[in-house]
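Taking it in order: structure first as structure tokens, then the write-up.
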Amino acid sequence: MKIINKISLLFMTLIMSTSVFSEEILFGKAVNEEAKVSISTLLASPTEFLDKEVTISGTIVGVCSSRGCWVDIASDAKFEKLRIKVRDGDMVFPIHSKGRQALATGTLQAIELSLEETKKYKVNLAKRRGDTIDTENITVAMSIYQLSPIGVKILD
Amino acid sequence: MIKVGSIDWFKLNSTLHRDIGYLCIGFTIVFAISGIALNHVGDWDPNYIVERTEKVFLAKSDLPDKQLNVELLMLFPNSEPIKATYWESVTQYKLFFKNGGAITVNFAKETAVYEYFQERVIFKQFNTLHLNEAKKGWIVFSDIYAGLLLFLALSALFMVKGKYSAWRLKRGWLIIVGGSIPLIYIFW
């Protein structure tokens with residue numbers, strides 16, 4: 001009997017530990033696949049999509065390790081990604097979801113940067129692309145964008 | 001004895017204080033342990049143990065991705081099957097594995113870093129409960145727990161009679177100290 005209990009416990013542990021990595025994970029409302037827009041299209045003209053419901057998809061390439069409150073989704077364009085951000089605790093994205101495909105429906109939101117932040121952001125962006133830029137020529141502050149989701153589906 | 005009608009209120013208070021105290025042991029352990037863990041979030045990761053291995057990687061970034069993957073898998077032979085790859089920048093390439101692990105290559109620094117996040121047993125689960133990240137039903141339980149704690153605090157005032165009563169200065173000063181510490185932090 002004791003051996004049976006041990007085997008059963010081992011089996012359950014195995015199921016639970018593997019399910020963490022293999023199940024489809026859903027958060028919030030159902031994803032609206034009809035509203036699908038590529039990340040590169042969104043980021044090419046973000047003001048057109050501001051506060052409209054859109055669905056994006058791509059590989060998860062970063063996850064907030066402290067509260068699981070954001071994930072970065074790789075764009076279809078090289079060196080580009082879009083952050084999905086929720087209020088702490090609203091959705092908790094597992095750290096092990098890195099590398100998995102995700103779909104997210106939500107609204108695109110702008111975060112306005114100061115001129116100083118804009119310069120830093122553009123220098124960093126240029127670095128990622130292997131370029132250099134002269135910050136003296138940057139005179140206008142910009143906005144960066146993130147998706148505030150109502151539904152997220154992380155695929156197996 | 002404080003008796004109104006046939007009810008012994010003093011005894012009832014003591015009994016309730018004792019039984020609710022027993023009921024709260026489990027909740028208190030969860031909230032206290034995770035409370036300490038989360039208080040020190042700046043010093044450690046309360047949810048994950050990060051396994052990190054850094055190695056020298058001399059391959060050039062202009063190699064085809066497939067070739068890069070082969071070389072990285074040779075460098076970290078115990079890696080899981082590849083799940084996805086991503087070019088973070090011209091000098092940074094990432095490889096994601098089925099188990100949630102990842103390799104980050106920095107071509108400028110000629111390094112490849114393998115990272116794997118392993119859940120801290122008990123802490124992760126306790127923190128999830130503490131931060132109300134579990135299912136919505138947990139909010140109901142944690143509200144009930146908060147109510148029970150209030151009861152324990154207030155009923156403690158009527159637990160002991162005589163010179164060690166909460167209402168005599170011999171022990172009552174402890175209540176004054178306990179109440180003053182938060183007030184000092186708020187107003188000073």
Side-chain angles (χ1 to χ4, degrees), chain A residues 13 16-23 25-28 39 57-69 71-83 86-102 123-132 154-156, chain B residues 37-38 40-52 61-62 65 79-104 106-108 114-121 124-125 127-136 138-139 142:
Chain A
T13 312
M16 285 169 78
S17 59
T18 50
S19 65
V20 170
F21 303 118
S22 59
E23 272 177 12
I25 309 168
L26 303 169
F27 297 101
I39 293 176
S57 66
T59 306
I60 297 173
V61 293
V63 183
C64 166
S65 63
S66 54
R67 295 293 309 267
C69 63
V71 287
D72 284 337
I73 305 288
S75 167
D76 46 308
K78 222 174 180 181
F79 313 138
E80 196 175 64
K81 59 188 175 185
L82 181 65
R83 181 160 292 186
V86 294
R87 203 175 53 181
D88 284 1
D90 280 359
M91 297 178 187
V92 183
F93 303 116
I95 195 97
H96 291 109
S97 55
K98 269 193 271 187
R100 290 169 72 168
Q101 291 293 307
V123 166
N124 199 28
L125 206 66
K127 239 186 224 176
R128 285 170 62 181
R129 291 183 175 135
D131 298 332
T132 49
I154 299 176
L155 305 173
D156 179 14
Chain B
L38 294 166
H40 299 277
V41 75
D43 305 315
W44 78 319
D45 186 329
N47 291 321
Y48 300 101
I49 298 164
V50 187
E51 183 192 316
R52 197 171 184 275
S61 59
D62 52 6
D65 289 4
S79 308
E80 293 267 312
I82 295 171
K83 185 103 178 151
T85 61
Y86 173 64
W87 280 95
E88 176 86 33
S89 69
V90 281
T91 57
Q92 233 181 57
Y93 179 63
K94 288 187 173 182
L95 216 64
F96 299 102
F97 298 105
K98 218 173 158 59
N99 66 349
I103 293 175
T104 303
N106 189 322
F107 291 99
Y114 176 84
E115 265 187 340
Y116 178 68
F117 288 80
Q118 195 181 353
E119 268 186 15
R120 283 188 198 278
V121 183
K124 176 75 173 80
Q125 287 75 19
N127 296 339
T128 301
L129 292 176
H130 194 131
L131 297 169
N132 270 343
E133 289 171 353
K135 288 173 186 163
K136 278 185 182 166
W138 179 253
I139 295 172
S142 50

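Small disclaimer: the values here were computed from a predicted structure and weren't measured. Naming: A, B, ... by sequence-line order, numbering from 1 per chain. When reading the values below, keep in mind they use all heavy atoms of this one structure, side chains included, and skip hydrogens, waters and symmetry mates.
B:Lys94 meets the salt bridge (Lys or Arg N to Asp or Glu O under 4.0 Å) test with B:Glu88; sequence neighbours excluded. Qualifying ring pair (Phe, Tyr, Trp, His ring centres under 6.0 Å) partners for B:Tyr93, counting only residues two or more places apart in sequence or in other chains: B:Trp87. Residues satisfying the salt bridge (Lys or Arg N to Asp or Glu O under 4.0 Å) criterion with A:Arg67, sequence neighbours excluded, are A:Asp88, B:Glu133.
With a 4.5 angstrom heavy-atom cutoff, A:Val61 touches chain B via backbone and side-chain atoms both. Heavy atoms closer than 4.5 Å to chain B are found in both the backbone and the side chain of A:Ser65. Within the 4.5 angstrom heavy-atom criterion, no atom of A:Gln101 approaches chain B.
To the nearest 0.5 Å, atom CD of residue A:Glu80 and atom OG of residue B:Ser89 are 14.0 Å apart. Taken from CZ in B:Phe117 to NZ in A:Lys98, the straight-line distance is 4.5 Å, to the nearest 0.5 Å. Atom CG in B:Leu38 sits 10.5 Å away from atom OG in A:Ser66 (nearest 0.5 Å).
When the heavy atoms of residues 41-51 of chain B are compared with those of chain A, the residues falling under 4.5 Å are B:Asp45, B:Asn47, B:Tyr48, listed by number.
Contact record, B:Ala84 with A:Gly99: CB-O, 3.5 Å, taken as the closest heavy-atom pair. When every heavy atom of A:Phe79 is checked against every heavy atom of B:Tyr86, the shortest pair comes out as C-OH, 4.1 Å.
Under the 4.5 Å side-chain criterion, counting only non-hydrogen atoms from C-beta, B:Phe97 is not in contact with A:His96.
Here A:Ile95 is the residue among A:Ile95, A:Ile60, A:Thr59, A:Val92 with the most heavy-atom pairs under 4.5 Å with chain B.
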